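Note that the coordinates shown come from a computational prediction; the quantities given were computed from them, not determined experimentally. Because only heavy atoms are used, hydrogens play no part in the values below, and waters and symmetry mates are left out as well, while side chains stay in. The first residue of the sequence shown is numbered 1, and numbering continues consecutively from there.
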Amino acid sequence: MFSVHGLQVVGGIAIGRARVVKAGFTEIARYHVEAGDRAFEVSRLQRALESVRGEIEQLARHLPADAPSEARALLEVHELMLEDPMLVAAAERRVLDEFINAEWALALQADELASQFGQLDDAYLQERASDVLQVADRVLKVLSGSAEARPDTSLADTIVVAADLSPADLLNYRDAAGFAVGMGGVVSHTAILARSLNKPAVIGLGESLRLVRGHDWVVLDGEAGVLLVGPDESVLEGYRARRVALHEANERLRVLIKVPSRTRDGVRIELHANIDLPAEAQEARHLGADGIGLFRSEFLFLNRVELPGEDEQFEAYREAITAMKGRPVTIRTLDIGADKALPARMTSLVAPNPALGQRAIRFCLAEPAIFLTQLRAMLRASRFGNLRILIPMLAHVHEVTQTRALLERAMEQLRERGEAFDAAVPLGGMVEVPAAALAAPWFARQLDFLSIGTNDLAQYTLAIDRGDQSVAALFDPLHPAVLRLIALTLRAGRRYGKPVAVCGEMAGVPEYLGLLLGLGLRQFSMHPANLLRVKEALLAIEMDRTVPVARAALAGMGGTADFSGIFGSAPI
């Protein structure tokens with residue numbers, strides 16, 4: 001018995017036999033060809049590309065009714081890669097220039113392109129290396145005549161174990177109990193689609209998956225991000241009991257969906273959801289979310305090789321807004337940079353320190369054509385419900401004034417086109433850097449609402465890269481300095497009558513609920529999976545007991561500093 005640790009993507013526990021899916025193209029034919037045979041090799045490659053394109057198109061046309069809505073878009077990404085000159089034309093040139101067979105040429109070019117992506121200092125672009133290899137592997141199987149048959153349907157008690165899975169593969173195995181994948185990160189296409197399938201999934205398990213054999217008994221613990229291989233009967237029994245308990249706990253929580261979000265003493269608290277994709281809005285509403293507190297619009301841009309147009313963005317925003325049936329939907333404008341970059345502009349985003357460079361609103365103001373396209377799409381969608389627009393990473397006065405100017409220009413462009421929109425869409429700003437928290441009174445006067453991104457606020461306050469494992473243990477959202485900045489922002493919101501939300505990870509942790517309520521927070525936004533757990537904790541809380549908790553936490557700063565001015569009169 002041994003365990004392999006990875007990244008948690010979808011929670012839950014799955015128990016079953018391993019189905020090992022082989023991937024990669026180490027065993028391919030490698031030989032030189034005569035000058036007169038080069039054209040034939042190029043035609044072989046082109047026919048294989050056309051065959052794979054047909055397979056993907058057929059899969060897209062016949063997507064089952066229960067397939068997640070983002071499946072089609074991810075298949076389209078792989079279709080586009082089949083036409084990418086950096087992969088296809090370059091492989092053809094290798095055949096002609098190096099006198100090698102089609103398989104060898106494609107494998108060499110795919111490896112080189114994937115290596116280029118993998119060396120980029122950007123998590124999102126690194127994940128595109130996986131897409132390149134997945135597409136190439138599919139073509140190579142056609143070239144070699146070893147294309148695998150579609151999986152059988154007896155997958156109910158099977159854990160799919162693979163070094164990598166393409167979106168098409170994942171759809172083929174969608175009836176499996178869970179997925180254990182060696183490659184990829186939380187922003188890979190595999191991870192995005194796995195979330196939509198809502199099956200326990202762990203990725204980033206690495207080379208240790210090679211030790212798993214077909215039909216091994218395995219336990220996939222999506223809660224802990226662990227694959228347990230070869231468990232004995234006592235361990236299996238323990239996990240079966242945990243699986244039952246987890247299911248019962250989730251079912252018990254579902255009775256809270258229609259229960260109002262109030263503290264034990266009757267104070268109304270808003271619980272909103274964070275989403276990455278439009279389809280997740282409906283799930284949030286079914287779980288009783290009061291609204292969408294954060295729609296991360298950049299996922300429409302990142303999971304593709306070309307920028308989305310205005311119409312495509314409009315449809316995505318409208319889908320989320322209509323799904324919420326009048327409840328507020330807060331869409332964050334494009335938050336690009338640092339650990340997220342546009343594939344089409346990857347060279348222009350290389351910077352000495354991307355986290356402190358041209359990212360988020362700085363990028364949007366530097367690229368007004370991209371920004372105006374997004375603003376027009378948002379405004380067009382505003383007439384279908386209750387839209388709010390959120391600006392990320394504010395630090396300067398001019399960022400608000402310039403955004404308002406571009407918003408006005410977008411409105412004027414729509415008026416000229418005769419397009420309907422809501423001219424009174426609220427505009428808010430994210431408090432993610434200490435400068436924004438310290439200047440919160442000014443931002444509260446100029447904007448309609450504020451939203452605190454505790455992940456980045458803690459990172460920038462403590463000077464700790466939350467993605468750096470060597471200092472990850474020092475990342476502490478409960479540090480008194482971080483809490484004081486949160487309290488200052490909440491105080492500014494109260495003073496100027498502007499709502500303030502927290503949309504970072506802190507909002508979804510039940511143990512932090514009393515502290516944040518004591519600081520004055522009344523609007524939380526979190527991953528949909530955390531909504532009912534937080535509501536359960538909220539129903540048991542008495543508001544008057546939260547203020548001492550907050551005072552004690554702030555006093556952790558040490559010394560004799562007086563924090564009474566932050567609170568005002570109780571209740572805060």
Quick check: do Gln313 and Arg376 have side-chain heavy atoms less than 4.5 Å from each other? no

Give a yes or no answer on whether the side chain of Glu41 reaches the backbone of Ala102 with a donor-acceptor pair at less than 3.5 Å. yes

Checking His527 against Asn274 for the side chain to side chain contact (heavy atoms under 4.5 Å, CB included) test, could you report, in this order, the C-alpha distance in whole Å, the side-chain angles of both residues, the deciding distance, and whether it holds? CA-CA 5 Å; His527 190 285; Asn274 298 339; 5.6 Å; no

Taking salt bridge (charged side-chain N to carboxylate O under 4.0 Å, His left out) as the test, write out the residues that go with Glu103, two or more places apart. Arg44

Verdict with supporting geometry, Ile13 and Ile15, side chain to side chain contact (heavy atoms under 4.5 Å, CB included): CA-CA 7 Å; Ile13 294 173; Ile15 301 173; 4.2 Å; yes

Given side chain to side chain donor-acceptor pair (under 3.5 Å), test Glu312 with Tyr317 step by step and report yes or no. CA-CA 9 Å; Glu312 182 181 346; Tyr317 304 147; over 6 Å; no

Please say whether more than 12 non-hydrogen atoms of neighbouring residues, nucleotides or ligands are located less than 6.0 Å from CD in Glu34. no

From NE2 (His32) to CG (Asp37), nearest 0.5 Å: 13.5 Å

Atom pair CG/CZ of Leu365 and Phe371 - distance to nearest 0.5 Å: 6.0 Å

Within the side chain of Gln282, is there an N or O that forms a donor-acceptor pair under 3.5 Å with the backbone of Ala323? no

Glu98: partners by side chain to side chain donor-acceptor pair (under 3.5 Å), with sequence neighbours left out: Arg94

Enter the distance from Gln109:CD to Leu45:CG here, rounded to the nearest 0.5 Å. 11.0 Å

Between Arg332 and Glu298, does any NZ, NE, NH1 or NH2 come within less than 4.0 Å of an OD or OE carboxylate oxygen? yes

Ignoring hydrogens and geometry, is there a side-chain-to-backbone donor-acceptor pair from Asn101 to Ala29 under 3.5 Å? yes

I want to check something: taking the side chain as every heavy atom from C-beta on, are Thr330 and Ser451 in contact at a cut-off of under 4.5 Å? no

Distance, nearest 0.5 Å, that separates OG1 of Thr373 from CD of Glu367: 11.0 Å

Tell me if a side-chain donor or acceptor on Ser43 pairs with a main-chain N or O of Phe40 at a distance below 3.5 Å. yes

So Leu140 and Leu106, do their side chains get closer than 4.5 Å, heavy atoms only? yes

Between the side chain of Asn250 and the main-chain N/O of Leu246, is any donor-acceptor distance below 3.5 Å? yes

Looking at every non-hydrogen atom in both residues, tell me the closest pair between Leu209 and Gly182 and how far apart they are. CD1-N, 3.2 Å

Is it the case that over 12 heavy atoms from other parts of the model lie below 6.0 angstrom from the NE2 atom of His247? no

If I take atom CG from residue Asn455 and atom CZ from residue Phe475, how far apart are they, to the nearest 0.5 angstrom? 5.5 Å

Sidechain N-carboxylate O distance under 4.0 Å for Arg19, Asp216: no

Between Lys199 (side chain) and Ala176 (backbone), is there a donor-acceptor pair under 3.5 Å? yes

salt_bridge(Asp335, Arg359) N-O dist < 4.0 Å: yes

Are there more than 12 heavy atoms of other residues, nucleotides or ligands under 6.0 Å from atom CD of Glu505? no

Could you tell me whether Arg240 atom CZ has more than 12 heavy atoms of other residues or ligands within 6.0 Å of it? yes

Smallest separation among heavy atoms of Val139 and Ala48, with atom names: CG1-CB, 3.8 Å

Between Val202 and Val226, does a side chain to side chain contact (heavy atoms under 4.5 Å, CB included) hold up when you go through it step by step? CA-CA 7 Å; Val202 179; Val226 173; over 6 Å; no

Minimum heavy-atom distance between Leu227 and Ala180, given as atom pair plus value: CD2-CB, 4.0 Å

Grab the two heavy atoms, one from Val132 and one from Ala110, that are nearest each other, plus how far apart they are. CG1-O, 3.7 Å

Check the pair Gln134 / Asp137 against side chain to side chain donor-acceptor pair (under 3.5 Å), numbers first and verdict last. CA-CA 5 Å; Gln134 289 170 358; Asp137 182 55; over 6 Å; no

Any idea which heavy atoms bring Leu165 and Val160 closest together, and the distance? CD1-CG1, 3.9 Å

Positive for side chain to side chain contact (heavy atoms under 4.5 Å, CB included) with Ser297, one of Asp276, Ile389, Ile331, Leu390: Ile331

Would you call Arg318 and Glu315 a salt bridge, taking side-chain N to carboxylate O under 4.0 Å as the test? yes

Residues which pass salt bridge (charged side-chain N to carboxylate O under 4.0 Å, His left out) with Arg53, listed by chain and number, not counting sequence neighbours: Glu50, Glu83

Please evaluate residues Ile159 and Phe179 with respect to the criterion side chain to side chain contact (heavy atoms under 4.5 Å, CB included), reporting the C-alpha separation (whole Å), side-chain torsions for both, the decisive distance (0.1 Å), and the verdict. CA-CA 6 Å; Ile159 312 299; Phe179 303 96; over 6 Å; no

Is Glu432 reaching over with its side chain to a backbone N or O of Met393, donor-acceptor style, under 3.5 angstrom? yes

Do you know which two heavy atoms are closest between Phe295 and Ile292, and how far apart they sit? N-CG2, 4.0 Å

Ser51 side chain to Arg47 backbone, donor-acceptor under 3.5 Å: no

Output for pair (Leu277 CG, Arg296 CZ), nearest 0.5 Å, gives 10.5 Å

Counting distance only, does the side-chain N/O of Glu92 pair as donor-acceptor with the main-chain N or O of Val42 below 3.5 Å? no

Taking the side chain as every heavy atom from C-beta outward, state whether Ser208 and His5 have any pair of such atoms under 4.5 Å apart. no

